[in-house]
Amino acid sequence: MNENVVKFFELYNSDPELQARVQAAEDAYPGSTEIREYVVEDVLIPIAEEMGLGFTLLDLKKYETRVQFQHSTGEGSTEGHIVERPVYW
């Protein structure tokens, strides 16, 4: 798994300014926000790339699957990895 996605969400979870930036970009998104794949590709991934933490949609799916598994089974530490808002995939 691409560790950039982990680093991005560690920053996201701890940085209200980054959270606000992502939310503002989502709010300004001209397309349908119900089609998550496009929102991720057009909003979230570009912000991560600007931060030098580029990752792909597949990387994000793997990350969220791992976090959901760890959270549901109690295995491993998810501290700093739990997305406080709805997941992106």
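- Residues passing the salt bridge (Lys or Arg N to Asp or Glu O under 4.0 Å) test with E50, sequence neighbours excluded: R21.
- A distance of 10.0 Å separates CG in L53 from CD in E10, rounded to the nearest 0.5 Å.
- Take T56 and apply the side chain to side chain contact (heavy atoms under 4.5 Å, CB included) test, not counting sequence neighbours, and it matches L58, D59.
- Closest of all the heavy-atom pairs between V39 and Y29 is CG2-CE2, 3.8 Å.
- Without hydrogens or angle criteria, N4 side chain to F55 main chain gives no donor-acceptor distance under 3.5 Å.
- Atom CZ in R66 sits 12.0 Å away from atom CD in Q68 (nearest 0.5 Å).
- For the pair F8 and M51, the tightest heavy-atom approach, listed with the atom from each and the gap, is CE1-SD, 3.7 Å.
- Classified by interplanar angle (parallel below 30°, tilted 30° to 60°, perpendicular above 60°), the ring pair F9/Y63 is parallel.
- Judged purely by distance below 3.5 Å, without hydrogens or angles, the side chains of D27 and Q23 pair a donor atom with an acceptor atom.
- Taking the side chain to side chain contact (heavy atoms under 4.5 Å, CB included) definition, one finds that A25 meets it with V43, I47, sequence neighbours left out.
- Atom CD of E37 is separated from atom CG of D42 by 10.0 Å, given to the nearest 0.5 angstrom.
- You'll find the side chain of L60 reaches within 4.5 Å of the side chain of L44, heavy atoms only.
- Nearest approach of E49 to G54, heavy atoms of both residues: CG-CA, 3.7 Å.
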